[in-house]
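Quantities reported herein were computed from a predicted structural model and do not represent experimental measurements. Side-chain atoms are counted along with the backbone in the values below, which use heavy atoms only and exclude waters and symmetry mates.
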Amino acid sequence: MGAPKLATYEDLLALPSHHTGQLVGGTLHSHPRPALPHARAATGLGEELGPPFRRGKNGPGGWVILHEPELHLGADVLVPDLAGWRRERVDAGSLDGAFATLRPDFCCEVLSPSTARLDRGEKLDLYRREGVGHVWLVDPALQTLEVLRLDGPTYRLVATFAGDRKVRAEPFDAIELDLGALWTE
């Protein structure tokens, strides 16, 4: 028997429009669009980070933050819930195409029962391999935010926050993040 057939970008493009697909280690991972608690957490986080870090309103600015960007990192195609690049690393036009090949400085995965294993496992390994400096793991069911920082060859858990309090979480610790905005409307 020959080697198993690796999934291709064409396989990803052939998915139904209501599915999100990713290529991880040659395997196609497909999931239907997330449930509303997942979408609420991702939207809330984008609303919290966008004004102070993307636009510089009541914060330092200096970031490009995108919701569900398609990342091509080597042969892998990933779609984090949020990704951010420090502006000084972004060249003119480097984030203007259909997907990004520039490694993000920050990725956030909102965990759901169907994606948590992949997000905590293979995707976290790929972010580490590529040198993504910070990864946030957000769990809407538990109402938690885990902050991971790349420390040499591994990620270090810097903090875990829970509930609806205001917190400072690196790399966005210049402002207080309202966790309640991630769990409620």
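Atoms CG and OG1, on L137 and T144 in that order, are 8.5 Å from each other to the nearest 0.5 Å. Here CG of L6 is found 9.5 Å from CG of L23. Values are rounded to the nearest 0.5 Å. For the atom pair N58 CG and I175 CD1, the distance stands at 9.0 Å (nearest 0.5 Å). Within the model, atoms NE2 of H134 and CZ of F172 stand 9.0 Å from one another, a figure rounded to the nearest 0.5 Å. Rounding to the nearest 0.5 angstrom, the gap separating the CG atom in L28 from the CD atom in Q22 is 9.5 Å. Residue L111 holds its CG atom at 5.0 Å from CG of D139, rounded to the nearest 0.5 Å.
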Name the atoms and distances for all side-chain donor-acceptor pairs under 3.5 Å in residues 97-110, with sequence neighbours left out.
{"residue": "R103", "atom": "NE", "partner": "E130", "partner atom": "O", "Å": "3.2"}
{"residue": "R103", "atom": "NH1", "partner": "D105", "partner atom": "OD1", "Å": "3.4"}
{"residue": "R103", "atom": "NH1", "partner": "G131", "partner atom": "O", "Å": "3.2"}
{"residue": "D105", "atom": "OD1", "partner": "R89", "partner atom": "NH1", "Å": "3.0"}
{"residue": "D105", "atom": "OD2", "partner": "R86", "partner atom": "N", "Å": "2.7"}
{"residue": "D105", "atom": "OD2", "partner": "R89", "partner atom": "NH1", "Å": "2.9"}
{"residue": "E109", "atom": "OE1", "partner": "K123", "partner atom": "NZ", "Å": "3.2"}
{"residue": "E109", "atom": "OE2", "partner": "K123", "partner atom": "NZ", "Å": "2.8"}
{"residue": "E109", "atom": "OE2", "partner": "Y127", "partner atom": "OH", "Å": "2.5"}

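Counting heavy atoms from C-beta on, the side chains of E70 and V77 come closer than 4.5 Å. The shortest side-chain heavy-atom distance between W136 and P171 falls under the 4.5 Å cut-off. Within the 4.5 Å cutoff, side-chain heavy atoms of V138 are placed close to those of L182. Looking at W183 and Q143, their side chains come closer than 4.5 Å, going by heavy atoms from C-beta outward.
Heavy atoms from other residues, nucleotides or ligands lying under 6.0 Å from CZ of R117 number 12 at most. By the 6.0 Å contact criterion, CZ on R55 is open, its count of non-hydrogen atoms from other residues, nucleotides or ligands being 12 or less.
No path of Ile, Leu, Val, Met, Phe, Trp and Tyr side chains, each step under 4.5 Å between heavy atoms, connects V132 with L82, placing them in separate hydrophobic clusters. Two different hydrophobic clusters hold V147 and L124 under the rule that ILVMFWY side chains link at heavy-atom gaps under 4.5 Å.
Checked for salt-bridge contact, R168 and D173 miss the test: no charged N lies under 4.0 Å from a carboxylate O.
Listed for the R87 side chain is a donor-acceptor partner under 3.5 Å among the backbone atoms of R54.
The side-chain hydrogen bond (donor to acceptor under 3.5 Å, both in side chains) search around R165 returns none, not counting sequence neighbours. With sequence neighbours left out, the side-chain hydrogen bond (donor to acceptor under 3.5 Å, both in side chains) criterion links D11 to T8.
For the residue pair H31/T20, the side-chain donor-acceptor check at 3.5 Å is not satisfied.
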